[in-house]
Asks: 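I am attaching a structure below and will ask some questions about it afterwards.
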Amino acid sequence: MDAQPIVRTRFAPSPTGYLHIGGARTALFNYLLARRLGGKFVLRIEDTDQTRNIEEADRKLMEDLRWLGLQWDEGPEVGGPGGPYHQSERLEQYHARARELLERGLAYYALETREELEAMRKAAQQRGEKGFRYPRPTHFPSEAEARRARDAGRPVVVRLKMPDRDVTVHDRILGDVTIRAEELSDFVLLKADGWPTYHFAVVVDDAAMRITHVLRGQEHLMNTPNHIALQEALGYPTPEYAHLPIIFNMSGTKMSKREKDKVVRDAAKAGGLDDARLLQLAGLDDPALPAAWRKGDTQLPGDALLRLARALAVHLPEIEIHDFRRSGYLPEVLVNFIALLGWSPGEDREKFTLAELCERFSLERVGRTNARFDREKLLAFNTAALEAATPERKLAGLKDWLSVADPGPLTGLPDAVLARVIECCRGFRLFPDLEYKCGALFVPDEQIRYDEKAVRKVLLRDDGQGRRVLEVLRARLAAAPHWTPAALDELIRGVAEAQGLDLGKVAQPLRVAVTGATVSPQISDTLDLLGRERTLARIDRALAHLQTLQ
RNA sequence: GCCCCCAUCGUCUAGAGGCCUAGGACAUCGGCUUUUCAAGCCGGCGACAGGGGUUCGAAUCCCCUUGGGGGCGCCA
């Protein structure tokens, strides 16, 4: 009975690589609204800027979206009636619409060069005018004039003739926002290279794909009057708009990929890295790059940054979803967390699955205040989620992390062993913690490095008490009838009791002897994971190492 | 500079005129637990930006100030 058109939302990123955290939030809200209202979620790639298309960018983007569980109903790889879903494949559409507007006198050619425009802006500023508005000519250049200009090598663009009246955006989050006519300017629809601007493409495509709700960042609010004017000119319906608050860093700055460059740049500077070494470590070969990069003029490719960060032992701030994946977060945690950045359920509860969010999401509960991205809280969410996760979920998560992380001691271990590792590390917060805590158990014995401080404190102190305990332990372990966590636990407690020592005075020497450091799973699990043979071999190695210190 | 948006603990937020002595979560601080690391448990500290109105009554409505953010591209 109710003939409401089905709700259709979209996420329309420009392909620049992995999915930015802010983009992920926008994608999520669009996804949630579509799900909540039984509609469709469309993915469209806005690749209209020929100067900044990055190879593989959309593959990476889709990888991140899928990792988060935000599968689109229509878009690249899945198709749909509104395709193609890359704007680069839709050029005829834009040209047809531009032609239409030109013929109807609603758009016109403009022939200025960038330099001329720049000069006009500067002049306007000097005249003390408020903001620069393109001065609409009284007579629009004709088709022939445009062609002549183009032939003469001048840039020819198409601009929209803005209506001379105020435009009100009915925003579902911000309410009505009216922009006065004098603030509006005849903006460019078609660039000189024949490609559409974002404004033009977005309006044409949203109409073609029958998008009913546009959820996007608040930075787009001032573009919206342009879009509405265009929709009117083209006879399109205006979708519902909802401008989302923006996500910032804790420092209040925009979360930007540049931050990663900054961290590495600072580390390189502190480390006194010269250009040659820099290029070598980064795996790059453009000799002009280092100078520009050091000045902050340019950014390094993601993989080069990763290599440098590794070499310099610095942690890159997570900006893109893939970064969080590599850092060992669970996708459902990211989804839960970013859902709460700008939206709230209105109850004292904050842990939600994607499915639960789909049931609860509503535009009415989206806030208007910009939010800061608090990594501490994210970490707490991840810890709690891990705590609550089933062993299967944790195993799958660990394997996913290993698949994107740098190879380490845990890489390639059988599932059963990984499952044991997880079991033995209750309370871990991120997947790399597992490697930190158990890595030494899966490394060849000769790669064990003895932490000097630990050795001194645990094995040498008190006149070598730890060492003596170790010798007792070595004999008892060699003769232990059973090598299970329970049996080992009993054995170790027995030794402690017999020696009249606290458990810590027994467990720690053992731990340092077999791992080289003071951190590992509970001692009985540590030994069980290691096995008798390697345990004894490592104790012997430790004892021998102590000899060398005498 | 001009236009626009926003404003509750350090941070994310609940709050839609009396349910507010302002609730929850993270962080922080204190304690407990402990076989290392981590986790866990209990408790404490902690906010309505300021000033004017409106009202019997304001965190909630209005105005101003201040502060933060966004936009002013042939980027998206």
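These numbers come from a predicted model, not from an experiment. Residue numbers begin at 1 in each chain, while the letters A, B, ... track the order of the sequences. These numbers come from the heavy atoms of this one structure, side chains and all, not from hydrogens, waters or symmetry mates.
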Asks: Considering residues at least two apart in sequence or located in another chain, which fulfil the side-chain contact (heavy atoms from CB on, under 4.5 Å) criterion with Glu350(A)?
Replies: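 Once residues adjacent in sequence are excluded, the partners of Glu350(A) under the side-chain contact (heavy atoms from CB on, under 4.5 Å) criterion are Leu340(A), Lys377(A), Phe381(A).
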
Asks: According to side chain to side chain donor-acceptor pair (under 3.5 Å), who are the partners of Asp206(A), at least two apart in sequence or on a separate chain?
Replies: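 Residues passing side chain to side chain donor-acceptor pair (under 3.5 Å) with Asp206(A): Arg10(A), Arg44(A).
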
Asks: Answer yes or no: does a side-chain N or O of Arg180(A) lie under 4.0 Å from OP1 or OP2 of rC2(B)?
Replies: no

Asks: Is it the case that His243(A) and Asp171(A) place a side-chain donor and acceptor less than 3.5 Å from each other?
Replies: yes

Asks: Between Arg426(A) and rG40(B), is there a side-chain N or O to OP1/OP2 distance below 4.0 Å?
Replies: no

Asks: By salt bridge (Lys or Arg N to Asp or Glu O under 4.0 Å), which residues pair with Arg349(A), not counting sequence neighbours?
Replies: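 Arg349(A) satisfies salt bridge (Lys or Arg N to Asp or Glu O under 4.0 Å) with Glu356(A) once adjacent residues are dropped.
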
Asks: Which pairs pass side-chain hydrogen bond (donor to acceptor under 3.5 Å, both in side chains) with one or both residues in residues 332-343 of chain A, sequence neighbours excluded?
Replies: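 Found Glu332(A)-Arg393(A).
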
Asks: With sequence neighbours excluded, give me every salt bridge (Lys or Arg N to Asp or Glu O under 4.0 Å) pair touching residues 239-253 of chain A.
Replies: Arg172(A)-Glu240(A)

Asks: Expected output is a numbered-order residue list: members of residues 373-380 of chain A with a heavy atom under 4.0 Å from any atom of RNA chain B. What is it?
Replies: Asp374(A), Glu376(A), Lys377(A), Ala380(A)

Asks: What pairs with Met162(A) under side-chain contact (heavy atoms from CB on, under 4.5 Å), at least two apart in sequence or on another chain?
Replies: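 With sequence neighbours excluded, Met162(A) shows a side-chain contact (heavy atoms from CB on, under 4.5 Å) to Arg136(A), Leu160(A), Leu184(A), Asp186(A), Phe187(A), Asn226(A), Ala229(A), given in chain and number order.
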
Asks: In whole angstrom, give me the gap between the C1' atoms of rC45(B) and rA38(B).
Replies: 26 Å

Asks: If you restrict it to nitrogen or oxygen atoms, what contacts under 3.5 Å exist between nucleotides 64-69 of chain B and the protein, and what is each distance?
Replies:
from, atom 1, to, atom 2, distance (Å)
rG69(B), O2', Asn370(A), OD1, 3.2

Asks: Which atom pairs link the protein and nucleotides 16-23 of chain B when you take only N or O atoms and keep those under 3.5 Å?
Replies:
from, atom 1, to, atom 2, distance (Å)
rG23(B), O2', Asp348(A), OD2, 3.1

Asks: With Arg493(A), which residues qualify under side chain to side chain donor-acceptor pair (under 3.5 Å), at least two apart?
Replies: Asp489(A)

Asks: With sequence neighbours excluded, tell me which residues meet side-chain contact (heavy atoms from CB on, under 4.5 Å) with Glu387(A).
Replies: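 With neighbours one apart ignored, the set is empty.
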
Asks: With sequence neighbours excluded, what pairs up with Tyr329(A) under the ring-ring contact (aromatic ring centres under 6.0 Å, His included) test?
Replies: Phe324(A)

